[in-house]
Each structure stands twice: as C-alpha cells, then as structure tokens.
Amino acid sequence: MTPTPAPRDFDALRALLVARAGTLSKRLAQVAQFFLNHPEAVAVTTLTRLAGQAHVPPATITRFAKELGYAGFADLQLIFRERLLGPSLPYASRIAAQLTEADLDQPGHVFGSFVQAAVQSLLRIEEALDRTALEAFVTALAASEVVHVAAARGAFGLGAYTVYGLANIGRRAHLIDNLGAMRAEQVAAIGPNDVLLVMTFDDYTAETVDCARLADQRGHRVLAITDNALSPVAPLAQHVLYVNEARLGHFRSQVPAMVVVQALIVSLGRRIGTDLVPDNQNAKSEKPVASTRGAAKDRAGGTP
C-alpha cells in the first residue's frame with residue numbers, strides 16, 4: 001500500500017493534525033499542539049531550541065515529523081517557512097531573536113519586544129481570520145437573547161471587556177465568573193435563546209473548558225474564540241474564531257483577540273441597529289448587565 005504523501009502546505013497540515021488528534025501519542029500530541037500554537041517560532045527556530053520550548057526531547061520532534069510522512073524536521077519546517085513568505089518574515093525573525101537575546105533587566109527592550117509581538121500577530125490575524133466564520137459569529141450573537149461569557153485567567157480581561165462592550169450596544173450579557181465555585185449553576189441559568197461565548201487559549205483554562213462542556217451537554221449554543229483547531233473547546237462550538245497570538249515567554253499578546261472582539265461588538269451593534277452608549281451614561285450601560293443577572297437568578301430558581 002502506497003503511503004499517503006505528507007502535506008505540502010500549512011492548511012493541509014493543520015487539517016491532518018486535526019484528523020489525527022485522537023491517534024497521536026501523548027508526546028506527539030504535545031508537539032502538534034505546540035506547532036499549531038507557535039507557527040512563527042517553528043519557522044525560524046533550530047530543532048534543539050524548539051525542543052526546549054516545547055519541553056520535549058529533539059528526537060520526539062523528529063519522530064513527530066516522520067510520523068506525518070516527512071523526511072525529518074527540516075522537511076516539516078519548510079511548510080512553516082513557506083507560510084511566512086512575505087512582509088511578515090522580518091518581524092518573525094526579530095521576535096525570535098528577541099526571545100533568546102533580550103535583556104529582561106531593560107524595560108525599554110521588553111517594551112519593544114511586546115510591540116513587535118503585537119505587530120506580528122496583528123499582521124497574521126488580518127490575513128488568517130476566517131471572514132465567513134466572523135459573519136456566522138455575528139449572526140449567532142444577533143439571534144441570542146443573552147450572551148453568557150466564560151473567560152478566566154489570562155483571558156479574563158478579554159471576557160470582562162466583552163461583557164462591557166455588549167452592554168454598551170444594548171445586548172444583555174453575563175460573565176460566568178465561577179464565584180463560589182458555582183459555574184455549573186451559572187451555566188444552568190443559560191436560557192434556550194441564549195448563547196455561551198467561551199474564550200480560552202493555550203494552556204486552556206480547565207474551568208472555561210468545563211463551562212463549554214456543560215453547556216454543550218445541555219444543548220446550548222456555544223461560540224468559541226481560541227487559538228487552533230486542537231483546542232478542547234473547538235469541537236464543542238457551533239462557530240469558532242481562531243486567534244493565534246505571538247508569545248514572549250509566558251505572556252501572550254492580547255492585542256489581536258481584543259481587535260477581534262471589538263469587531264464583533266461593533267458589527268453586532270450595526271446588525272441590531274444600536275449605537276455605542278457614551279461612557280458618561282453609565283447607568284444605561286450597566287442596566288443590561290444587571291437585568292441579565294436577575295434573569296439568571298430567576299432561571300436558576302433562586303431569589304434576589
């Protein structure tokens with residue numbers, strides 16, 4: 001039997017990794033997740049250094065490449081390098097250098113590194129974001145009565161801003177904050193005409209993933225903003241927006257995800273025929289959130 005040829009473009013490689021998600025060993029699945037989350041780093045980093053960043057032996061990456069049908073890591077790396085052809089390559093190269101050579105005692109250098117990371121990730125998301133998925137996202141939000149937002153840890157600020165922005169266009173919104181470890185009860189308050197919007201990125205907050213699973217089990221519509229198709233919330237969502245953000249050490253650049261969220265809010269406001277409420281009318285902007293909390297209590301059978 002003739003073996004299947006290895007994918008020769010990034011989209012085909014990503015599709016193959018998604019198709020084989022349940023068949024790879026734990027170590028190889030770890031490499032697959034890392035490669036999809038850090039495509040720029042894979043394109044410009046040596047095998048040894050990349051193995052250190054992925055927390056696996058170099059031999060594991062070589063085995064991963066051969067498992068997919070490539071001659072070795074260099075052959076696989078070509079796919080990632082071709083993805084970077086064009087104006088983004090200089091940025092990626094500079095970021096890779098800064099990650100290994102930046103003097104963290106120099107705040108100005110750190111600041112410059114984060115600026116370059118944000119620029120690179122914005123260039124990438126402008127090219128890569130699926131406009132059809134964006135349109136479907138807005139349509140789903142417009143059809144909902146209440147938008148419940150689950151976002152924690154590094155994505156918490158993004159989730160809180162989303163609730164604020166939705167309230168300012170008159171869309172009722174509720175942040176599932178897991179206060180008192182009651183996320184199950186908060187998910188139970190989701191109504192039949194509501195939608196759950198989850199936001200989580202590598203390392204995928206367990207509480208957020210749990211919210212998505214609970215909502216899916218109850219038959220609720222789930223929307224997700226995450227980093228790649230191997231994310232644990234991707235198969236649970238009816239619509240997914242993928243935002244792959246540059247990282248500097250432990251920290252992610254949240255700029256691209258914020259831009260995507262703002263585009264969703266403004267597009268939704270135009271779709272439902274409302275304008276943003278000025279900041280000096282806080283009473284109006286807070287009312288939709290408060291009414292949502294009241295509705296959540298009523299649905300859960302609680303009392304104020």
Following the transitive rule for hydrophobic clusters with a side-chain heavy-atom cut-off under 4.5 Å over Ile, Leu, Val, Met, Phe, Trp and Tyr, establish whether V261 and L241 coincide in one cluster. yes

Short question: side chain of R20, backbone of V18 - any donor-acceptor pair under 3.5 Å? no

Distance-only polar pair, side chains of Q254 and Y161, donor-acceptor under 3.5 Å: no

Would a distance-only check, ignoring hydrogens and angles, find a side-chain to backbone donor-acceptor pair under 3.5 Å from S267 to A263? yes

Is Y242 reachable from L123 through a run of hydrophobic residues whose side-chain heavy atoms are each under 4.5 Å from the next? no

Please give me the minimum heavy-atom distance between A133 and V240, naming the atom from each residue. CB-O, 3.7 Å

Quick one: list whatever passes ring-ring contact (aromatic ring centres under 6.0 Å, His included) with F201, sequence neighbours left out. none

Side chains of R271 and T139, donor plus acceptor under 3.5 Å: yes

Under a plain distance cut-off of 3.5 Å, with no hydrogens placed, do T200 and T208 share a side-chain donor-acceptor pair? no

So Q77 and F35, side chain to side chain contact (heavy atoms under 4.5 Å, CB included) or not? Walk me through it. CA-CA 10 Å; Q77 190 179 40; F35 272 40; over 6 Å; no

Answer yes or no: are there more than 12 heavy-atom neighbours, outside R8 itself, under 6.0 Å from its atom CZ? yes

Using every non-hydrogen atom in the two residues, find where I79 and F10 come nearest and quote the distance to one decimal. CG2-N, 3.6 Å

Closest contact, heavy atoms only, H239 versus F137: O-CE1, 3.4 Å

I'd like to know if R14 and D11 make a salt bridge, using a cut-off of under 4.0 Å between side-chain N and carboxylate O. yes

Between A224 and A237 the two heavy atoms that sit nearest each other are CB-CB, 3.8 Å

